[in-house]
Amino acid sequence: MIGVDLGVSDWIEIDQSMVDTFATTTRDRQWIHVDVERAKRDSPYHAPIAHGYLTLSLVPAMNEQLQITPAGVDVVINYGLDKLRFLSPVKVGSRVRMHSKLISLEAKAPGQHLMKTLNTMEIDGEAKPAFVAETLMLLVDAG
């Protein structure tokens, strides 16, 4: 199944409330994210934009929706990233969805496998994606 397209998630709208909550949680309250009027006036995007890490944080939920975890796996643990590039800003009010493709699945230890997927976060109506990321998940078998 290496190279197989694992699916495309549903669209998620990135609203200002989501951005503000993320800003408060991470303490990253840069004006380009949270000051709507200033962002409209002074930013090169003429709107507030989502934090790159906010959009990245949606990967686990979108993977869960795609049901990419193989049967017999009891626990999925975030193992990190091999590559990540933020390519386009996500303006507040935009919708995003993820395309996922299987890159590799390797045995790590008895009952454990490392799954690498290529995740592309598409922005509705935009030519370039928000990001492209190779994510790693440690799959621990039931039993």
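Below, all heavy atoms of this structure are taken into account, side chains as well, without hydrogens, waters or symmetry copies. Keep in mind it's a predicted model, so treat the numbers as computed, not measured.
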Participant: Drop me the distance from Lys83's NZ to Asn119's CG, to the nearest 0.5 angstrom.
Facilitator: 14.0 Å

Participant: Give a yes or no on whether Val96 and Leu87 share a hydrophobic cluster (residues Ile, Leu, Val, Met, Phe, Trp, Tyr; joining criterion: side-chain heavy atoms under 4.5 Å apart).
Facilitator: no

Participant: For residues 48-60, which side-chain N or O atoms pair as donor and acceptor with protein atoms under 3.5 Å away, sequence neighbours left out?
Facilitator:
unit_1: His51; atom_1: NE2; unit_2: Asp28; atom_2: O; d: 2.9
unit_1: Thr55; atom_1: OG1; unit_2: Gly52; atom_2: O; d: 2.6
unit_1: Ser57; atom_1: OG; unit_2: Leu54; atom_2: O; d: 2.6

Participant: Would you name the heavy atoms of Pro129 and Val132 that are closest together and state the gap between them?
Facilitator: CG-CG2, 4.1 Å

Participant: Looking only at heavy atoms, what is the nearest atom pair of Pro89 and Ile123, with distance?
Facilitator: O-CD1, 3.5 Å

Participant: In terms of hydrophobic clusters joined by side-chain contacts under 4.5 Å, are Ile2 and Ile68 together?
Facilitator: yes

Participant: Gln112 pairs by side chain to side chain contact (heavy atoms under 4.5 Å, CB included) with which of Leu139, Ile77, Val75, Val140?
Facilitator: Val140

Participant: Is Tyr45 reachable from Trp31 through a run of hydrophobic residues whose side-chain heavy atoms are each under 4.5 Å from the next?
Facilitator: yes

Participant: Nearest 0.5 angstrom please: Glu106 CD to His113 NE2, how far?
Facilitator: 10.0 Å

Participant: Is Tyr79 atom OH crowded by more than 12 heavy atoms from other residues, nucleotides or ligands, each under 6.0 Å away?
Facilitator: no

Participant: CG/Asp141 to CG/Asp74 distance, rounded to the nearest 0.5 angstrom?
Facilitator: 9.0 Å

Participant: CZ of Arg41: more than 12 outside heavy atoms within 6.0 angstrom?
Facilitator: yes

Participant: Mind listing the closest non-hydrogen atom pair of Ser100 and Asp5 along with its distance?
Facilitator: O-OD1, 2.9 Å

Participant: Quick check on the hydrophobic clustering: are Met137 and Leu102 connected, directly or via other members, by side-chain heavy-atom contacts under 4.5 Å?
Facilitator: yes

Participant: For the OG1 atom of Thr117 and the CG atom of Asn63, what is their distance to the nearest 0.5 Å?
Facilitator: 5.0 Å

Participant: To the nearest 0.5 Å, tell me how far Glu64 CD sits from Met62 CE.
Facilitator: 12.5 Å

Participant: For residues 11-18, which side-chain donor-acceptor pairs fall under 3.5 Å, sequence neighbours excluded?
Facilitator:
unit_1: Asp15; atom_1: OD1; unit_2: Ser17; atom_2: N; d: 3.3
unit_1: Asp15; atom_1: OD1; unit_2: Met18; atom_2: N; d: 2.8
unit_1: Gln16; atom_1: NE2; unit_2: Asp20; atom_2: OD1; d: 2.8
unit_1: Gln16; atom_1: NE2; unit_2: His33; atom_2: O; d: 2.9

Participant: Hey, mind stepping through Asp10 and Arg97 against side-chain contact (heavy atoms from CB on, under 4.5 Å) and telling me if it holds?
Facilitator: CA-CA 6 Å; Asp10 292 337; Arg97 71 178 178 184; over 6 Å; no

Participant: Do Ser9 side-chain atoms and Met98 backbone N/O form a donor-acceptor pair below 3.5 Å?
Facilitator: yes

Participant: How long is the span from the OG atom in Ser104 to the CD atom in Glu134, to the nearest 0.5 Å?
Facilitator: 8.5 Å

Participant: For Asp35 and Glu37, what are the C-alpha separation, side-chain angles and deciding distance, and is it a side-chain contact (heavy atoms from CB on, under 4.5 Å)?
Facilitator: CA-CA 6 Å; Asp35 188 334; Glu37 293 309 313; 4.2 Å; yes

Participant: Taking Leu105 as the starting point, is it possible to reach Val4 by hopping between hydrophobic residues whose side chains are less than 4.5 Å apart?
Facilitator: yes

